[in-house]
Amino acid sequence: VTNYVEMTGLIFEDGKSGGKAIGVKCRDHISDDDYELYSKAIIFAGGPFTDELRKAEDPAAKPAVSGAAGTHIVLPGYYSPADIGLLDINTSDGRFLFFLPWLGSTLVGTTDRKGTPVSSTSPPEEEIQWMLREVEKYLSSDLRVRRSDVLSAWQGWRPLASDPHAEPDAPVSRDHIISTNPTTGVTFVTGGKWTTYREMAEDTIDTVCQEKGFGHAKPCSTLTTPLLGGKGYKANTPVKLIQKFGIDEETANHLAKTYGQRAFDVCYLSKPTGKRWPRFGNVLVEGYPYIESEVQYACLEYVRTVSDMLCLRTRLAYLNVEAARACAPRVAELMAETLGWDDAEKERQLEEAVTTLSEFGGPVPKGTRFDPRDSSSI
């Protein structure tokens with residue numbers, strides 16, 4: 001298992017493209033090392049970018065994936081009840097729109113819009129404006145949703161799949177697709193939904209084991225295998241964290257839900273706050289439960305960039321992009337201390353994080369300036 005590694009090409013049995021694939025060429029983007037990995041089975045799981053991977057085995061491969069984009073905005077939590085979601089199936093242009101309470105905020109999102117997938121999270125401004133207009137339909141007539149209420153906004157891509165190796169009369173799947181190239185032996189999985197990723201993984205491994213004749217493989221155990229931190233976890237874990245470490249209740253609930261029993265390991269890394277309460281758990285930014293020791297713990301779990309810490313490990317960039325910008329320097333300092341970065345690497349990491357955060361939408365449309373005195377116009 002490795003991370004920050006890119007597949008740059010396939011290794012073929014006869015040394016030439018077109019035969020059985022027996023391995024992959026890789027580049028480690030942390031060390032810049034190039035190396036090769038060999039395997040009895042190769043699986044591509046590239047989501048909306050699966051066809052880009054498949055070009056490594058056959059540049060003329062028939063496309064299997066089309067992209068569909070969805071834009072999401074995050075509004076303050078007071079725009080929705082804490083435990084009730086809402087789905088609008090009759091918007092002004094016929095698309096679906098959902099409202100969900102999410103980590104103390106309100107998540108508003110659209111259904112799919114066809115397009116070519118890109119890796120940038122940058123959302124179209126017209127989509128943000130459209131959602132704000134639709135949201136107002138469900139609020140009191142004397143309450144206006146302002147553009148500055150948008151804490152964060154982003155665009156994501158969903159893979160819509162078809163099987164290029166299926167027979168011409170094969171039925172179209174409404175689920176995920178698993179298909180093996182009979183020439184190269186490479187299997188790909190794509191399609192499906194965020195909520196079915198475990199089922200997708202199970203189906204893929206079962207398919208590969210059957211096709212490759214791995215008769216010694218045991219039945220899939222994903223449904224009975226606890227996540228890290230799941231063993232020994234109880235509903236009262238947050239209370240135990242508060243009693244043992246003197247941390248804030250909101251932070252305790254966050255740590256328990258995020259790390260399970262490993263929340264104790266996170267807290268053992270925490271330092272005193274210097275306050276009467278909470279005694280431990282220095283927060284990264286006010287208003288959110290993330291604490292500094294989570295950064296150190298994430299480094300032990302192989303996080304190596306400030307961008308990943310802000311976007312993937314804490315989700316802070318997706319909740320409030322300005323809050324993420326505010327704590328980025330402190331995150332860089334903590335990671336530098338833990339990973340032994342010099343000043344040049346710390347500065348490079350911070351610049352990379354700022355660039356990544358600039359792709360998110362926020363309270364102010366890109367290309368405009370915010371006038372704090374004129375809140376009525378935004």
Side-chain angles (χ1 to χ4, degrees), residues 3-8 27 29-30 44-56 63-75 95 97-98 102-103 105 107-132 147-161 190-194 197 303-328 331-332 347-370:
N3 59 355
Y4 302 103
V5 172
E6 176 189 7
M7 185 199 79
T8 58
R27 169 161 293 176
H29 284 277
I30 298 297
F44 290 161
F49 306 102
T50 297
D51 282 340
E52 293 299 313
L53 293 174
R54 294 176 59 238
K55 288 180 180 179
V65 180
S66 60
T71 300
H72 302 72
I73 62 174
V74 173
L75 300 173
R95 283 185 288 172
L97 193 70
F98 60 80
W102 182 51
L103 298 178
S105 299
L107 178 65
V108 182
T110 61
T111 53
D112 300 330
R113 186 184 72 257
K114 301 297 188 296
T116 302
V118 294
S119 58
S120 171
T121 57
S122 185
E125 178 62 28
E126 60 269 22
E127 289 285 286
I128 297 175
Q129 297 286 355
W130 178 81
M131 281 187 280
L132 291 176
R147 178 61 181 79
S148 57
D149 286 335
V150 177
L151 303 177
S152 186
W154 70 93
Q155 179 177 247
W157 291 88
R158 175 187 172 190
L160 304 177
T190 192
K193 297 181 179 181
W194 176 40
Y197 72 96
V303 171
R304 290 296 180 269
T305 70
V306 174
S307 294
D308 280 357
M309 192 66 226
L310 294 173
C311 297
L312 303 179
R313 287 303 294 251
T314 64
R315 303 292 187 188
L316 188 55
Y318 289 88
L319 286 167
N320 188 326
V321 68
E322 293 301 327
R325 286 193 182 98
C327 70
V331 170
E347 186 63 27
R348 187 192 71 79
Q349 287 274 352
L350 189 55
E351 290 178 359
E352 179 188 83
V354 170
T355 299
T356 299
L357 293 175
S358 69
E359 295 182 355
F360 288 79
V364 182
K366 293 181 180 180
T368 62
R369 299 187 65 180
F370 173 61

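Just so you know, residue 1 is the first one in the sequence shown, and it goes up from there.
With contacts defined as side-chain heavy-atom distances shorter than 4.5 Å, the pair Ser66/Leu160 qualifies. Taking the side chain as every heavy atom from C-beta outward, Arg147 and Ile128 approach each other to under 4.5 Å. Leu151 is not listed as a side-chain neighbour of Pro363, based on a closest heavy-atom distance of 4.5 Å or more. Within the 4.5 Å cutoff, the side chain of Val74 has no heavy atoms near those of the Asn320 side chain. Annotation: side chain of Trp130 is in contact with side chain of Leu97 (closest heavy-atom distance under 4.5 Å).
No more than 12 heavy atoms of other residues, nucleotides or ligands shown are found within 6.0 angstrom of CZ on Arg27.
A cation-pi geometry, defined here as NZ or CZ lying under 6.0 Å from the six-membered ring centre and within 45° of its normal, does not hold between Arg158 and Trp194.
The structure places CG of Leu75 at 6.5 Å from CG of Leu132, a figure rounded to the nearest 0.5 Å. Rounded to the nearest 0.5 angstrom, Glu352 CD and Leu357 CG are separated by 10.5 Å. Atom CD in Glu52 sits 11.0 Å away from atom OG in Ser119 (nearest 0.5 Å). Here the straight-line distance linking atom CG of Leu316 with atom CE of Met309 works out to 9.5 Å at 0.5 Å rounding. Here CD1 of Ile73 is found 11.5 Å from OG of Ser105. Values are rounded to the nearest 0.5 Å. To the nearest 0.5 Å, atoms CZ (Phe360) and CG (Leu310) are separated by 9.5 Å.
Legend: residues meeting side-chain hydrogen bond (donor to acceptor under 3.5 Å, both in side chains) with Asp51, ordered by chain and number and at least two apart, are Arg54. With sequence neighbours left out, the side-chain contact (heavy atoms from CB on, under 4.5 Å) criterion links Arg113 to Ala69, Thr71, Pro124, Glu127, Gln155. Tyr4 is linked by a side-chain hydrogen bond (donor to acceptor under 3.5 Å, both in side chains) to Asp308, counting only residues two or more places apart in sequence or in another chain.
Across Gly109 and Met131, no two heavy atoms sit closer than the pair CA-SD, 4.1 Å. Minimum interatomic distance between Val306 and Ala353 (heavy atoms only, all atoms of both residues): CG1-CB, 3.6 Å. Across all their heavy atoms, Thr305 and Gln349 have their closest contact at CA-OE1, 3.2 Å.
The aromatic rings of Trp154 and Tyr318 sit perpendicular to each other, their planes meeting at more than 60°, with 30° as the lower class boundary.
Using a cutoff of 4.0 Å between basic side-chain nitrogens and carboxylate oxygens, Glu359 and Lys366 are not scored as salt-bridged.
Between the Thr190 side chain and the Gly47 main chain, a donor and an acceptor come within less than 3.5 Å of each other. In terms of modelled atom types and a separation under 3.5 Å, the side chain of Ser152 and the main chain of Ala317 share a donor-acceptor contact.
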**Report entry** side-chain contact (heavy atoms from CB on, under 4.5 Å) between Val65 and Phe49, worked out
**Finding:** CA-CA 8 Å; Val65 180; Phe49 306 102; over 6 Å; no

**Report entry** Chi angles and distances behind the side-chain contact (heavy atoms from CB on, under 4.5 Å) call for Met7, Leu53
**Finding:** CA-CA 8 Å; Met7 185 199 79; Leu53 293 174; 4.0 Å; yes

